[in-house]
Amino acid sequence: MKRVGVIGGGQLAWMMADAAKKLGVELVVQTPSPNDPAVSISAKDNVFAAIDDANATAELAKKSDVITFENEFVDIEALSKLAEQGVCFRPRLEALAPLLDKYHQRCYLRDLGLPVPRFVAIEQDWNTTAEVIFASEIGFPTVLKARRHGYDGQGTFIIKDIESLKQKLEVYSTKELETQPNSFLLEEFIPFERELAVIAARYVSGEVCTFPVVETQQEEQVCRRAIAPACVSSQVAVEIDKIARTLLNSLDAVGVFGIEFFLTPDGKVLVNEVAPRTHNSGHFSIDACETSQFEQHLRAVCGMQLGNTTMICPGAVMVNLLGYEISESDYITKRQQIEQIPQAHVHWYGKTESRPGRKLGHVTVLLDTQSRDQAIVIARSIESIWYPHQAC
Ligand code: ADP
């Protein structure tokens, strides 16, 4: 397999570039705009179209030996027709299908016997759902989630009481719930001690390989940092590894998947979310592991041997550089300042426009010791350079 078609041309596709070069693989992307990050690194004959445009994917298929995803907001039903005609998708569409809707995903994980927060779908008559919350002991605070198309915390709302829930659903009831009654799910709020994540890859032969578990830190539901490896007991690490294997084997998946977890104060691990693609929590692997998640993904989808996922340093911290204003700046001065930090690797996605919360780049700093405290100090110093008015 030498030509990989990628649905989505954002930073996740962009970060496949170095790995593709190393492996002698050519990338072709389907993405809406010529300004999207991955356009600069892929072949000249990219397909410019919406992610869910299956006709465009048919074009992409003509130019590719295999098609993979950097973005899961696809139209599975329309793509199935291409699969029937022999287009090779990795992961296959059947492995994506149970994951695209957060409610279906929760049901799939629960039915597999994997630990998840208690959850309930919001039905058209949402007042009944409100009663269900109490009946099912989900209680408040509760978490309201858009079932589809949520990302970076958009579509996830922590709701403190029944009044706030009613208000939120009233806002949506007119424009969303009437047209799309199955738009939301509610789940119990987990007062987690930490959030963890793991990147797992599965090969065509069924071999599964995981990266070190990381701790992720979110603010306002958006990932700000990842600390690798997470400081967790071997029992927790083994449990996470087991969950990743069970899931990828059950899906008969090929490629890299990102899995997010809650670790409760009493040491229980619950699955929060599964992304059928490379993931923000695995960005540290570019600089800190023998094989990056992007290389691992290409190796898996091209049917090559899986790479070694060992870290090349005792620890690492990854900090997202999020937009905090509307601007067309490339923030070169700030980036240069961050680059001065010893062992810092800055990755800038080359987006032409900044908006609050938009992922513009990330920094990974390699650490000489495995110290969570040191990782947090370094993360804060990066953030004090990056964000205006943030004290170190
Ligand atoms: P997205 O798909 O947009 O990333 P998530 O469902 O992963 O959204 O939620 C984003 C963040 O919101 C999580 O990382 C976590 O910090 C918080 N969150 C989500 N669900 C829960 C929950 N059930 N209990 C507590 N916090 C939650």
Side-chain angles (χ1 to χ4, degrees), residues 8 10-12 51 69-74 96 98-110 114-122 129 132-133 136-161 164-165 168 172 183-199 213-227 230 240 243 247 257-266 268-283 318-320 322-323 355-359 362:
Q11 65 265 18
L12 298 177
I51 299 305
F69 308 86
E70 76 113 46
N71 184 314
E72 64 274 34
F73 302 145
V74 292
L96 294 190
L99 305 178
L100 303 189
D101 172 313
K102 284 187 195 227
Y103 177 70
H104 294 155
Q105 184 181 118
R106 281 259 176 278
C107 293
Y108 186 84
L109 296 168
R110 178 200 58 198
L114 299 180
V116 289
R118 281 174 294 194
F119 63 99
V120 57
I122 295 253
T129 311
V132 173
I133 305 172
S136 64
E137 294 169 8
I138 287 178
F140 287 96
T142 186
V143 185
L144 177 70
K145 292 186 175 181
R147 285 172 55 167
R148 284 218 64 181
H149 300 291
Y151 69 99
D152 289 349
Q154 304 201 12
T156 294
F157 311 97
I158 315 273
I159 307 279
K160 61 177 191 320
D161 54 29
S164 316
L165 177 66
K168 196 89 204 167
Y172 282 105
S183 304
F184 293 95
L185 87 118
L186 276 173
E187 65 183 34
E188 68 177 316
F189 176 83
I190 305 295
F192 53 79
E193 191 188 274
R194 285 189 196 170
E195 289 188 82
L196 305 172
V198 76
I199 299 292
V213 174
V214 301
E215 173 183 347
T216 61
Q217 298 184 345
Q218 272 62 228
E219 281 176 25
E220 286 165 11
Q221 287 89 54
V222 183
C223 177
R224 294 286 292 261
R225 311 167 199 108
I227 300 170
I240 285 179
I243 290 172
L247 176 64
F257 281 52
I259 313 171
E260 296 174 272
F261 301 89
F262 299 125
L263 179 65
T264 67
D266 57 353
K268 266 202 274 178
V269 169
L270 300 173
V271 181
N272 173 29
E273 189 165 41
V274 180
R277 52 167 168 76
T278 54
H279 192 256
N280 193 182
S281 62
H283 289 359
M318 187 286 309
V319 180
N320 278 330
L322 303 178
R355 323 184 267 279
R358 193 171 194 208
K359 287 176 177 158
H362 75 266

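Counting starts at 1 for both ligands and their atoms, following the listed order.
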Open item on the list: I need the nearest protein heavy-atom contact for atom 26 (N) of ligand 1: residue, atom name and distance, please.
Closed with: F192 CE2, 3.6 Å
- [ ] Taking only heavy atoms of K145 into account, list the atoms of ligand 1 that are under 4.0 Å away from them.
- [x] 6 (O), 19 (C), 20 (N)
Task: Which of the ligand 1 atoms, numbered from 1, are nearer than 4.0 Å to a heavy atom of V143 - done: 20 (N), 21 (C), 22 (C), 23 (N), 24 (N)
Open item on the list: I need the nearest protein heavy-atom contact for atom 13 (C) of ligand 1: residue, atom name and distance, please.
Closed with: E195 OE1, 3.3 Å
TODO: Indicate whether any N or O donor in one side chain lies under 3.5 Å from an N or O acceptor in the other, for Q217 and E219.
DONE: no
TODO: Could you tell me whether I190 and ligand 1 have an N or O pair separated by under 3.5 Å?
DONE: yes
TODO: Please work out whether any backbone atom (N, CA, C, O) or any side-chain heavy atom from C-beta onward of N272 is under 4.0 Å from ligand 1, and answer side chain, backbone, both or neither.
DONE: side chain
- [ ] List in chain and number order the residues that pass ring pair (Phe, Tyr, Trp, His ring centres under 6.0 Å) with F189, two or more places apart in sequence or in another chain; answer none if no residue qualifies.
- [x] none
Open item on the list: Show the atoms of ligand 1 that are less than 4.0 angstrom away from any heavy atom in E187.
Closed with: 20 (N), 21 (C), 22 (C), 23 (N)
Open item on the list: Applying a heavy-atom cut-off of 4.0 Å, say which part of Q218 lies close to ligand 1: side chain, backbone, both or neither.
Closed with: side chain
Task: Nearest heavy atoms of R277 and N71, plus distance in Å - done: CD-N, 4.2 Å
Task: Sidechain-backbone polar pair: E70 side chain, G10 backbone, donor-acceptor under 3.5 Å - done: yes
Task: Any donor-acceptor N/O pair, R106 side chain to N272 backbone, under 3.5 Å - done: yes
Open item on the list: Any heavy-atom pair between the side chains of R147 and H104 that's under 4.5 Å?
Closed with: yes
Task: Contact atoms of ligand 1, heavy-atom distance to K102 under 4.0 Å - done: 1 (P), 2 (O), 5 (P), 6 (O), 8 (O)
Open item on the list: Side chains of V274 and Y108, heavy atoms from C-beta outward: is any pair under 4.5 Å?
Closed with: no
Task: Residues which pass side chain to side chain contact (heavy atoms under 4.5 Å, CB included) with E188, listed by chain and number, not counting sequence neighbours - done: P117, R118, I138, I190
Open item on the list: Considering F262, F157, F189 one by one, which has a heavy atom nearer to atom 18 (N) of ligand 1 than any of the others?
Closed with: F262
Task: Test of proximity, Q221 against ligand 1: N or O pairs below 3.5 Å - done: no
Open item on the list: With a heavy-atom distance limit of 4.0 Å, tell me whether T156 approaches ligand 1 through its side chain, its backbone, both, or neither.
Closed with: side chain
- [ ] Look at atom 3 (O) of ligand 1 and say which protein heavy atom is nearest, naming residue and atom and giving the distance to 0.1 Å.
- [x] G153 N, 2.7 Å
TODO: Can you see which heavy atom on N320 is nearest to which on C223, and at what distance?
DONE: ND2-O, 2.9 Å
